[in-house]
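Report on the structure given below.
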2 protein chains.
Amino acid sequence: MATIKDVSDLAGVSQATVSRVLNGTTRVDDDKKRRVLEAIKQLGYRPNAHAKSLASNRSNSIGMVVSELAGPYFGEMMAGAEAIIRRNDKQMLIASSHASESEEREVIDFLLSCRCDALILHAETLSDAELVKIHQQGTVLVLLNRYIPAIAEQCFVLDNELGGFIQTEHMIQQGRRRVACILGPQWKHDAKERFEGYLRALKQYQLPFDPELVVEGDFQESGGYAGVKKLIARGARFDALVCANDEMALGAMDALSEQGVAIPEQVAVIGFDDIAYANYVTPKLSSIHFPVRQIAADAAWLVMQSVYKMEPPEEIVQQVMPKLVTRQSSNCG
Amino acid sequence: MATIKDVSDLAGVSQATVSRVLNGTTRVDDDKKRRVLEAIKQLGYRPNAHAKSLASNRSNSIGMVVSELAGPYFGEMMAGAEAIIRRNDKQMLIASSHASESEEREVIDFLLSCRCDALILHAETLSDAELVKIHQQGTVLVLLNRYIPAIAEQCFVLDNELGGFIQTEHMIQQGRRRVACILGPQWKHDAKERFEGYLRALKQYQLPFDPELVVEGDFQESGGYAGVKKLIARGARFDALVCANDEMALGAMDALSEQGVAIPEQVAVIGFDDIAYANYVTPKLSSIHFPVRQIAADAAWLVMQSVYKMEPPEEIVQQVMPKLVTRQSSNCG
DNA sequence: TTGTATGCGTTATCAT
DNA sequence: ATGATAACGCATACAA
């Protein structure tokens, strides 16, 4: 592949001049400029990004880490960040960690090797200390759906506990008294917080906590399906089902239908995240709205601002409040 | 950030020696090796990927272009490729084109600037000639869901026409005679081919083609919803609905339910792609199985093979046959 | 086994 | 405005 030297030779100018017309740093004689552009086209020249980064100590790229590349939640997250990054003519490098600690460390290492100008992380497994350390070593980083007091200014979060509370409270206000719950993996911060919200709601409305009504899932459809099967197998009786995310709620609804349980008449169901498909199942799924796309976009803006001095069009919101979205599955359709 | 020189200084060896223990190219004295590793840890040294690529003329990265980062179809595609790439210790760079010609060209340019060792493309807008040209210029590239005779060995495809035929035939075999169809954007290759399959099925079963029964959508849920509204508005009568993808089918089912139309009793519905959610809507959606994840994985293997001489565990399949998956929406639940 | 020296393709700092 | 030339951080051929 052609180099800048090939271009300068063909155009009969110095490498420096080629670099100048490429980057527009200094004015260049119109005639020479034409010759350079001509040579570039003729040779099919493309600047080598590696050489550029090496020389300029800027990669113009933002690294992003998500748990999975597939799935509605992370899809929205990636899309939200990318839109902003691309709008500002930067590039985004995406890597997935599969929520494994070793992989999470590995991909962050990779992105640091790429000398990303900043990192946007959905880090689930790394310790607070480890993340703080990366930040202290001089890497600009932003955290999604995770709060670490020491670097609070870098965190973008939804109040998961309140979300869990709202879910549960909604069920109770619909007149339900035996509210079952399918939890997310309890080692995950958000899953745990959502569970805490569930507990607080029960307490506030003076309903007894019954461990028989609670099962832990994996945030996947299959986990929700299995969760309902488990509840039924243990003979649990419930008239409402709070799910820690929408995907499990879909699986749960599938299992309930299979058992001939009417939703919401016999069991009201509510999810969390408000993914697009919540609106396309029958009955439509009530949920807690989690504006992931917007949050990720705001996170990207924070990076644009602190690294490249670009100004965001509106205020950046780092703490967003969960919002109840009622649909048919909780009898409000 | 620390450089290789900092490490060699601290360890009291030459830069070359550090490079050697890093890459394991030559045997290094155990003691020196220890000192180097110690220095690396102490300094928190991370090799600069840019310098590495520049010096070795290898980036160890595969570029991937998809139309969107969000959505079940591309999510599966990315996940399928990434799994294989990461298993072989290479990295994947993802970029999205939003199915716009200028953006598609732009992101490919970016990936070429990154000197990716190969490209995996879901290219919808670029001309055959343009893609062939990239290939001829020496870039290893692989095409997903697109067939270009000149570089057939680089193409991974599903027989979309046959898929469209099977969809339609299935409806007819269910005893339906007025088969409506919500098309994908007709400038897209796959959407057009699927439509051709629809037409062939009608012909083969001697059903008249009625333009009133056909609307063009945008491959999104909202497009499917709007499509049904349009059909109803124009007074079209139909007892089956073939949708060019699942997402439009979900939107269509939503619109039908809203109108009080019973699925499948009054109108049978079938989608295309067999996304995960097809199994979680009510009634469950019949579809054409499109193993995107597997195809993308195979595509990645082809790259691994041709660029890095890695051997795939099984045979790489570049042409896959569409497979009918019957569920409740077509009365086969 | 180890060190030295050169080159990779740019940008940036000088002169001119 | 333009041209040399020295970095940038690493791999590698060559010498020792």
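Residue numbering restarts at 1 for every chain, and letters A, B, ... go by the order of the sequence lines.
- Nucleotide C:dG9 holds its P atom 8 Å from the CG atom of A:Asp6, rounded to whole Å.
- Formation of a donor-acceptor pair under 3.5 Å by the A:Thr3 side chain with backbone atoms of A:Lys5 is found in this model.
- No side-chain donor-acceptor contact under 3.5 Å links B:Arg105 to the backbone of B:Leu126.
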Nucleic acid footprint by protein, nucleotides 10-16 of chain C - heavy-atom cut-off 4.0 Å, B for base, S for sugar-phosphate alone: BSBB---
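- One interatomic measurement links the two molecules: CG of B:Leu43 to P of D:dG9, which rounds to 14 Å at whole-angstrom precision.
- Going from atom CZ of A:Arg58 over to atom P of C:dG9 covers 25 Å, rounded to whole Å.
- At least one donor-acceptor pair under 3.5 Å links the side chain of A:Glu104 to the backbone N or O of A:Glu124.
- Phosphate contact (OP1/OP2 of C:dT4, side-chain N/O of B:Ser14, threshold under 4.0 Å): absent.
- Proximity of a side-chain donor or acceptor of A:Asp117 to a complementary backbone N or O of A:Asn60 within less than 3.5 Å is detected.
- Of the side-chain N and O atoms in B:Lys32, none sit less than 4.0 angstrom from OP1 or OP2 of C:dT1.
- In this entry the distance linking CG of B:Asp29 with C1' of C:dT1 reads 8 Å, nearest Å.
- A donor-acceptor pair is defined here as one N or O able to donate and one able to accept, closer than 3.5 Å; no such pair exists between the side chain of B:Asn57 and the backbone of B:Ser53.
- Here the side chain of B:Asn48 pairs a donor or acceptor atom with the backbone of B:His50 at under 3.5 angstrom.
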